[in-house]
Amino acid sequence: MIGRVPWWTVIVVGVLAVCWVVPVLGIVLTSIRPPADVALGWWRLDNIRFTLDAWQRVWVEYPLAESFFYTALLAALATLGTMLLTPAAAYAFHFLKFRSRRLLLIIIINAFVLPQQVVVIPLFTLWRDMKLIDNPLAVLIPYVGMSFAWSIFLVKNFLEDFPKELIEAAKIDGCGPIKTLQHVVLPNATSPIFAVGVLQFLWSWNALLLPMLYLRSMVPLPVLLTKVSGTYEMNWDLRSVAAIVTTIVPLIVFVVFQRQFAAGSQTRTGAKE
């Protein structure tokens, strides 16, 4: 029958779903069960007890709400900066002619292979000399700058199929590069821009290394999650609560914008095949 899904596909997808759901279920149950029961195994059903003590302790003993606000602010600013700068850079590399264009693009794309740890010490020295330690710019600039390697590549690949006739028509109508980008390219490139925004938001929200090194008073959720762990006890219940709070927003963002995210890799412009 046409359109019928093969039986083995259902089995594979079911196994993958179970492998993903079981750990999530374990985290949720760990956050609402007493530590003594968790130590015996969250899957034990012989003595079922539930409590919200871990949720209350986390909110009282740790600045969870404040960290949530800082994380949302940093992720939103980094995402906005990337969504504004990436289309302009991709447009310039694809449609404009200037000296060393290919060389500069190769240098930016090669940042794919540059480990994040390589730039930690040079950036720390630079931020210390510029007195930017414990300043949001200390992480926002790397967030946006280090995302150019993949974001420009993604949007530029989309522009490969962009109708050049529209660009030529805009030039005939008297539009300069900025007007062409604003009125012609951007309205037809929303899909890859949204895809870049979703990826950048997820990466910025879950970033740990740079905020841990460069921020002091502003503690994002991933950094706070490392502090919830006790020195002499694991605090699995508290860590589970912090993990749930940390992951709930990226999950909601991905679910809400999954259609735009998928369209970013599939949508083409109005060019005729």
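Starting from 1, each residue takes its place in the sequence as its number. Given the structure is predicted, the values throughout are model-derived calculations rather than measurements.
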Considering non-hydrogen atoms only, spot the tightest contact between [X] and [Y] and give its length.
X	Y	value
V28	I244	CA-CD1, 4.0 Å
F93	I152	CD1-CG2, 4.1 Å
P87	L181	O-CD1, 4.1 Å
A78	V144	O-CG2, 3.8 Å
G197	T79	O-CG2, 3.4 Å
S147	T82	OG-OG1, 3.4 Å

Check whether [X] reaches the backbone of [Y] with its side chain - one donor and one acceptor, N or O, closer than 3.5 Å.
X	Y	answer
Q200	Y143	yes
S67	L64	no
W205	L74	no
W127	A138	yes
T246	P222	no
T226	V223	yes
Y91	L186	no
R239	V228	no
R33	F50	no

Is [Y] close to [X] at the side-chain level, that is, under 4.5 Å between some pair of heavy atoms?
X	Y	answer
Y214	V120	yes
C175	H183	no
I32	W55	yes
R128	T125	yes
L224	P63	yes
W150	W203	no
F162	V184	yes
L159	V185	yes

Ionic contact status for K156 with E160, cut-off 4.0 Å: yes

Around atom [atom1] of [X], are there more than 12 heavy atoms of other residues, nucleotides or ligands at under 6.0 Å?
X	atom1	value
I11	CD1	yes
L16	CG	yes
F95	CZ	yes
R216	CZ	yes

For the atom pair [atom1] ([X]) and [atom2] ([Y]), what is the distance rounded to the nearest 0.5 Å?
X	Y	atom1	atom2	result
L238	R57	CG	CZ	4.5 Å
T86	L154	OG1	CG	9.0 Å
I248	I252	CD1	CD1	4.5 Å
F158	H94	CZ	NE2	10.5 Å
L123	M130	CG	CE	11.0 Å
I133	L215	CD1	CG	8.5 Å

From CA spacing to verdict: side-chain contact (heavy atoms from CB on, under 4.5 Å), K171, I167: CA-CA 6 Å; K171 292 181 180 179; I167 305 297; 4.0 Å; yes

Indicate, with yes or no, if [Y] and [X] share a hydrophobic cluster defined by side-chain heavy-atom contacts under 4.5 Å among Ile, Leu, Val, Met, Phe, Trp and Tyr.
X	Y	value
I107	V118	no
W43	L25	yes
L126	I121	no
L213	L225	no
L80	F148	no

Audit row: V139, M218, side-chain contact (heavy atoms from CB on, under 4.5 Å) steps and yes/no: CA-CA 11 Å; V139 294; M218 299 178 62; over 6 Å; no

D237 vs S31, side-chain hydrogen bond (donor to acceptor under 3.5 Å, both in side chains): CA-CA, chis, key distance, verdict: CA-CA 5 Å; D237 53 343; S31 68; over 6 Å; no

